[in-house]
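Everything below concerns the one structure shown next.
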Amino acid sequence: MKKVSPRTLSGFMELLPDDQLVMNELIERLQRSYELFGFSPLDTPIIEAAEVLLAKAGGETEKQIYTMQKGESELALRFDLTVPLAKFVAANYGALSFPFRRYQIGKVYRGERAQRGRFREFYQADVDIIGDGELGLIYEAEIAAVIYKTITSLGLDEFKIKLNNRKILNGFFEHIGERENSLFILQTIDKLDKIGLKAVINILSDKGIKRESIDETLKFLGVSGSNSEILEKLEQYKDKNETLSTGIEELKEVTESLKDFLVPEDKVLIDLSIARGLDYYTGTVYETFLDKHPEIGSICSGGRYDNLAEFYSKKSLPGVGVSIGVTRLFYVLDEQGLLNKECFSSADVLIIPLVEDLKGPIGIASKLRGRGIKTELYTEKRKLKAKLSYADKIRVPFVILLGEDEISSNELTLKDMKSGEQRGVSLEEAAEQILKRKAQTADIRLIAEKKEEE
RNA sequence: GUGGGUAUAGCUCAGCUGGUUAGAGCAUCGGAUUGUGGUUCCGAGGGUCGAGGGUUCGAAUCCCUUUACCCACCCCA
């Protein structure tokens, strides 16, 4: 029979059990962190009516949406979790309590060319707060706190949350008369590090941007220093434009509130060049970078939008939220060898029977499971050597051996796979030891200790 | 969408300007060691050389077509 090649599509992540355990742990930690801030879970369908998903799409995103037909229906796969949220809030407006705080961790799909760290199917972990009619600035600070707390809870401590306010940029470009070109100018200037000053100026000039505007923009974006220094330097722009002025005030207020949320000052940096690609953001914007891996881009991005559901509802529903690219984050951490993979196993103990009759071993397994111990029973008829080799490979911390000797002495042999030590103990004693170890490793680091520089 | 690269064992790859029986490491299985894994040693199985066509006495190797994948750009998580 001709065999079909067992391939997995490009851009789709599929993990071996060892890695999946770590991925699950990563997702669980994100979930726990979001719940710590009182966000409630939401799960929406992966497939939506094409009309719904495409309501506000256009340009680049529209090209990337997977669409399909089933009978008469035009369907599409969601490409982010924000559009489904907008639909959901509009559809369930009457049943929700505002401010509506929800988190959602799920897969999204983008039909673009796959690449290193760039997937076509990937997990996003979103948190958003949606207001009814209005939403205070305090939430923009709170979201920054959520980012800080969440990234920290993963065990990462070398990262920076970059903060900006969209009104500042919009106001500034209005002020210099380049409103229409603002997006293009920002995108080009964003490449400064990659292609250099000269190339940036050339590209902008070719587009017909006045030299004056280019210089003004570079000067403005070049405003740097500590947060308070930047805010001080911005004072001079305050009377130039109303939007700009509002933006500066908002940025100031959000930055100040961060202290109340106990976010360390050195973790959040104002960066005027942070713009975010999607231009539906209208206020604060966030991007989060790992100090040692700026090349991978932002691992958590988002911002404030003034009207989430404008395509679905007459209601004004302002919101603020961020999204963590979980799949990319996992990929990068894995590639950098930063994941503590050895520490996660699916079972707490593996029972290896050495006798034909499995009644005893099955009974013991049930008892251990009854005590909340993840117990696997190995029932293959193979040599002990092979059985232990299996235990070794699944990295189970303990093995219980049950043979003639154990049955006649009414004990079981508990073997610690790491130390290799083993001894005859009662079921009760074995359970206690396993639970003790489980408790010790419950708070294990997801991120491996930094390797010593050599 | 644009540009470049790769395709040989389950995995990572070697295979010279074409030469007869296509290799290595890892993994798997067996043995050294019949109730003791992670180390070592010995052995075994495993391939229509991505697919289709062409050149040639002869093709994994050269040419054409095609498909898939990888890398980068664009854009993004």
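Side chains are part of it too, since the values below use all heavy atoms of this structure and drop only hydrogens, waters and symmetry mates. Throughout, protein chains are lettered first and strands after them, A, B, ... in sequence-line order, and every chain is numbered starting at 1.
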Would you indicate, yes or no, if [N] has its OP1 or OP2 atom less than 4.0 angstrom from a side-chain nitrogen or oxygen of [X]?
X	N	result
A/Gln115	B/C73	yes
A/Arg120	B/A77	no
A/Lys383	B/C29	no
A/Gln124	B/A77	no
A/Ser301	B/C76	no
A/Arg113	B/U2	no

When the [atom1] atoms of [N] and [M] are considered, how many whole Å apart are they?
N	M	atom1	answer
B/G18	B/C64	P	15 Å
B/C41	B/G4	P	47 Å
B/A32	B/G25	P	23 Å
B/G45	B/G31	C1'	15 Å
B/C26	B/U67	P	39 Å
B/A22	B/C49	P	11 Å
B/A9	B/G23	P	14 Å
B/G3	B/G47	P	39 Å

With hydrogens left out and only the distance checked, is there a donor-acceptor pair under 3.5 Å joining [X]'s side chain and the base of [N]?
X	N	answer
A/Glu287	B/A77	no
A/Arg110	B/A77	yes
A/Glu406	B/G35	yes
A/Asp392	B/G37	yes

In whole Å, I'd like the distance from the [atom1] atom of [X] to the [atom2] atom of [N].
X	N	atom1	atom2	result
A/Ile351	B/G37	CD1	C1'	18 Å
A/Leu414	B/U36	CG	C1'	14 Å
A/Leu384	B/U34	CG	P	11 Å
A/Arg423	B/U36	CZ	C1'	18 Å
A/Phe398	B/G38	CZ	P	20 Å
A/Leu16	B/U28	CG	P	13 Å
A/Arg118	B/G1	CZ	C1'	12 Å
A/Leu30	B/A77	CG	P	16 Å

Partner lookup for [N], please. Criteria are Watson-Crick or G-U wobble with both distances under 3.5 angstrom; report none if nothing qualifies.
N	result
B/G38	none
B/A7	B/U67
B/C57	B/G19
B/C74	none
B/A44	B/U28

Presence of salt bridge, [Y] and [X], under 4.0 angstrom:
X	Y	result
A/Glu158	A/Lys267	no
A/Glu112	A/Arg120	no
A/Arg437	A/Asp416	yes
A/Lys341	A/Glu25	no
A/Arg110	A/Glu121	no

NA contact type, [X], heavy-atom cut-off 4.0 Å: base, sugar-phosphate, or nothing?
X	result
A/Ser10	sugar-phosphate
A/Lys107	nothing
A/Glu121	nothing
A/Ile352	nothing
A/Arg328	base

By nearest heavy atom, map A/Arg382 and A/Leu401 onto RNA chain B; which one lands nearer the 5' end?
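This one resolves to A/Arg382.
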Find which nucleotide of RNA chain B each of A/Phe119 and A/Thr413 is nearest to by heavy atoms, and output the residue with the more 5' nucleotide.
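Its nucleotide being nearer the 5' end, the pick is A/Thr413.
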With a 6.0 Å cut-off on ring centres, are A/Phe159 and A/Phe289 close enough?
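No, the ring centres sit 6.0 Å or more apart.
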Centroid-to-centroid, A/Phe122 to A/Phe12, below 6.0 Å?
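Between A/Phe122 and A/Phe12, the centre distance exceeds or equals 6.0 Å.
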Are the ring of A/Phe122 and the base ring of B/A77 both nearer than 5.5 Å at their centres and tilted by less than 30°?
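Yes, aromatic ring over the base.
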Out of [options], which nucleotide sits closest to the side chain of [X]?
X	options	value
A/Leu354	B/C29, B/G35, B/C71	B/G35
A/Glu404	B/G35, B/C76, B/A72	B/G35
A/Lys385	B/G37, B/A77, B/G30	B/G37

Rounded to the nearest 0.5 Å, how far does CG of A/Leu26 lie from OH of A/Tyr123?
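A/Tyr123 atom OH to A/Leu26 atom CG measures 11.0 Å (nearest 0.5 Å).
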Without swapping roles, check the side chain of A/Tyr109 against the backbone of A/Ile46 for a donor-acceptor pair under 3.5 Å.
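Between the backbone of A/Ile46 and the side chain of A/Tyr109 there is no qualifying donor-acceptor contact (under 3.5 Å).
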